[in-house]
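For reference, the structure discussed in these notes is given below.
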Amino acid sequence: MARVVLKDLTKRYPGGTLAIDKLNLDIADGEFVCFVGPSGCGKTTALRMIAGLEEITSGRVEIGGRVVNDLSPRDRDIALVFQSYALYPHMTVYDNMSFGLRLRKFPKADIDKSVREAARILDLEPYLDRKPGQLSGGQRQRVALGRAIVREPAAFLMDEPLSNLDAKLRVQTRAEIARLHQRLEATMIYVTHDQVEAMTMADRIAVMNLGVLEQAGTPQELYESPANRFVAGFIGSPSMNFVDMTVADVDGTVGLSSADGAISAALTDIQAAAVRRLGSRSVVLGVRPEHLDIGAPADGGLRIQAVVDVTEFLGNDRLIHASSGDYDIVAMMDANEPLKVGDKIVLGADPRHVYLFDAESGASVAAA
């Protein structure tokens, strides 16, 4: 396996469209890194540049200590897994998995050993004589993974490999990929638009937006300490609530309030100091649905006056959609919370769970 280094990686298309803007990322040997972001953010373009399927405008890609900018995909020692499976329908599972090794003239005994070991790891042994049309979507995706495994590449590159599966199969298959990574200790670079997929599988997540790497870190780092409003809103499900707040500094105490006063917040000393340094009359407040409770905290913090619009039963939890002035506030409650449409409620959150962002740049101001 190998370390993958992206240094000032840039992609500009004819006509001037900038798809990737000076992407810098160091992926350790054996690390599982997910690129996430909305459609058009550049995550698939970045993967294709690493693979050699997309020409690099400037910067460099290193795989295993080699600069591979000018190498063809087959010479980069990587394996690709796509959402479309890309299996040969007329070949058996065994032949699909062994095809690449046969092209490279590996001895038959070595091919057989590699294919059967990959089949054992992926629970495909009963299906080696079947053709893709006789398999489920999850089984076909495992065949595509097996074809990649037998090559023993320096790195695995996966482009939304689960997007064609139904919800139940996606959950099952992402667990299989996570176990596969642990077993192989392989370097894996995985592209997905599904942040839940990334949170549950990755060692680190790279959040992309409009060709720019907004933040890279562990799932916990991105969840607890987002660098800006974009990352805060993208990581976490349901998404973070955001409210435009006016800053008031009265007698040395910094407080925040929404335009109509229905939402207010008392800040910690650290938050207050950060807001003073910012020197702005307005900030954006963020709070996650799971950190909201019925009733305002006794020692200050966030207070939201709202009216219940919709409740969604999710089993152990219930999502509450409530109106507070111009804002739709989402809160995650215990399923047994006795709330109904039209109820007037007060929601609160501990100040430690309140995030503040610069209203202009979106950069994080303070989070504790």
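Quick note: numbers below take in every heavy atom, side chains included, and nothing from hydrogens, waters or symmetry partners.
Residues passing the side-chain hydrogen bond (donor to acceptor under 3.5 Å, both in side chains) test with T57, sequence neighbours excluded: none. Residues forming a salt bridge (Lys or Arg N to Asp or Glu O under 4.0 Å) with E54 (at least two apart in sequence, or on another chain): K11, R48. Take K108 and apply the salt bridge (Lys or Arg N to Asp or Glu O under 4.0 Å) test, not counting sequence neighbours, and it matches no residue. Partners of N209 by side-chain hydrogen bond (donor to acceptor under 3.5 Å, both in side chains), not counting sequence neighbours, listed by chain and number: E214. Partners of R170 according to the salt bridge (Lys or Arg N to Asp or Glu O under 4.0 Å) rule, which considers only residues two or more places apart in sequence or in another chain, do not exist here. Under the side-chain hydrogen bond (donor to acceptor under 3.5 Å, both in side chains) criterion, D123 pairs with no residue at all, not counting sequence neighbours. Take R120 and apply the salt bridge (Lys or Arg N to Asp or Glu O under 4.0 Å) test, not counting sequence neighbours, and it matches E117.
L122 and V115 fall within the same hydrophobic cluster, defined by Ile, Leu, Val, Met, Phe, Trp and Tyr side-chain heavy atoms under 4.5 Å apart, directly or through other members. A single hydrophobic cluster is not seen to contain both V5 and M49; linkage of ILVMFWY side chains at heavy-atom distances under 4.5 Å, directly or through other members, places them apart. Residues M332 and I294 fall into different hydrophobic clusters, defined by Ile, Leu, Val, Met, Phe, Trp and Tyr side chains chained together at heavy-atom separations under 4.5 Å. Tracing side-chain contacts under 4.5 Å through hydrophobic residues (I, L, V, M, F, W, Y), one reaches M158 starting from I121; they form part of the same cluster. Residues L80 and V143 are members of separate hydrophobic clusters, defined by side-chain heavy-atom contacts under 4.5 angstrom among Ile, Leu, Val, Met, Phe, Trp and Tyr.
Heavy atoms only, all atoms of each residue included: A322 and A306 are closest at CB-CB, 3.7 Å. For the pair P351 and G301, the tightest heavy-atom approach, listed with the atom from each and the gap, is CD-CA, 3.7 Å. When all heavy atoms are compared, the tightest approach of P289 to M240 is CD-CA, 4.2 Å. The two residues L53 and P73 come nearest to each other via the heavy atoms CD2-CG, 3.8 Å. Taking all atoms of both residues into account, the shortest heavy-atom contact from I304 to L292 is CD1-CD2, 4.1 Å. When all heavy atoms are compared, the tightest approach of V81 to A148 is CG2-CB, 3.9 Å.
Identified under the salt bridge (Lys or Arg N to Asp or Glu O under 4.0 Å) test for residues 319-340, with sequence neighbours left out: K340-D343. A salt bridge (Lys or Arg N to Asp or Glu O under 4.0 Å) check over residues 353-362, counting only residues at least two apart or in different chains, returns nothing. Counting only residues at least two apart or on different chains, the ring pair (Phe, Tyr, Trp, His ring centres under 6.0 Å) pairs with a member in residues 180-218 are F32-H181, F32-Y190. Screening residues 81-105 for salt bridge (Lys or Arg N to Asp or Glu O under 4.0 Å) gives no qualifying pairs among residues at least two apart or on separate chains.
Between L285 and L356, some side-chain heavy-atom pair lies under the 4.5 Å cut-off. In this structure, the side chains of F35 and C41 stay at 4.5 Å or more apart for every pair of heavy atoms. Between D112 and Y94, the closest side-chain pair of non-hydrogen atoms falls below 4.5 Å. Inter-residue side-chain proximity for E62 and V68 is flagged as unmet; no heavy-atom pair is nearer than 4.5 Å. The shortest side-chain heavy-atom distance between L25 and L9 does not fall under the 4.5 Å cut-off. Side chains of L87 and R147 form a contact here, defined as non-hydrogen atoms less than 4.5 Å apart. Two residues are said to be in side-chain contact when any heavy atoms from C-beta on lie closer than 4.5 Å; R303 and V346 meet this criterion. You'll find the side chain of V341 stays beyond 4.5 Å of the side chain of D309, heavy atoms only.
Judged by distance alone, with hydrogens and angles left aside, the side-chain atoms of D29 form a donor-acceptor pair with the main-chain N or O of A2 at under 3.5 Å. Here the side chain of R288 pairs no donor or acceptor atom with the backbone of P238 at under 3.5 angstrom. Within the 3.5 Å criterion, the main-chain N or O of Y327 finds no donor-acceptor partner in the side chain of S324. Although no hydrogens or angles enter the test, the distance criterion places a donor-acceptor pair under 3.5 Å between the side chain of N241 and the main chain of V287. Counting only distance, with no hydrogens or angles, the side chain of D159 and the backbone of V191 share no donor-acceptor pair below 3.5 Å. When atom types are taken as modelled, the side chain of N96 and the backbone of M91 share a donor-acceptor pair closer than 3.5 angstrom.
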Exercise for the section: Could you check R116 against L128 for side-chain contact (heavy atoms from CB on, under 4.5 Å), going step by step and ending with a plain yes or no? Expected result: CA-CA 9 Å; R116 294 192 182 280; L128 288 175; 3.5 Å; yes
Exercise for the section: Tell me, with the steps shown, if N24 and D8 meet side-chain contact (heavy atoms from CB on, under 4.5 Å). Expected result: CA-CA 5 Å; N24 289 282; D8 290 333; 3.0 Å; yes
Problem - Audit row: V207, Q195, side-chain contact (heavy atoms from CB on, under 4.5 Å) steps and yes/no - result: CA-CA 9 Å; V207 182; Q195 56 91 17; over 6 Å; no
Problem - Test log, rule side-chain contact (heavy atoms from CB on, under 4.5 Å), inputs V354 and L256 - result: CA-CA 11 Å; V354 170; L256 307 177; 5.8 Å; no
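Between I320 atom CD1 and T311 atom OG1 the span is 5.5 Å, to the nearest 0.5 Å. Here Q305 contributes atom CD and S264 contributes atom OG; the two are 7.5 Å apart, rounded to the nearest 0.5 Å. In this structure, Y223 OH and I235 CD1 are separated by 11.0 Å, a value rounded to the nearest 0.5 Å. Here the CG atom belonging to L23 is positioned 13.5 Å from the NZ atom belonging to K43, to the nearest 0.5 angstrom. From L184, atom CG reaches atom CG of L180 across 4.5 Å, with rounding to the nearest 0.5 Å. Atoms NE2 and CG, from H291 and L347 in turn, are 14.0 Å apart once rounded to the nearest 0.5 Å.
Ion pairing of D166 with K168 is absent here, as no side-chain N (NZ or NE/NH1/NH2) approaches a carboxylate O to less than 4.0 Å. Classification of E31 and R204 as a salt-bridged pair holds, one side-chain N sitting under 4.0 Å from a carboxylate O.
Taking the six-membered ring where tryptophan is involved, the planes of F357 and Y355 are essentially parallel, since the angle between them stays under 30° and well short of 60°.
R76 pairs in a side-chain contact (heavy atoms from CB on, under 4.5 Å) with only one of the listed residues (L157, L71, I50), which is L71.
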Which side-chain N or O atoms in residues 130-137 pair as donor and acceptor under 3.5 Å with protein atoms at least two apart or in another chain?
| unit_1 | atom_1 | unit_2 | atom_2 | d |
| --- | --- | --- | --- | --- |
| Q134 | OE1 | K131 | N | 2.9 |
| S136 | OG | Q139 | N | 3.2 |
| S136 | OG | Q139 | OE1 | 3.4 |

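Under the 3.5 Å distance criterion, with hydrogens and angles disregarded, a donor-acceptor pair is assigned to the side chains of T192 and E197.
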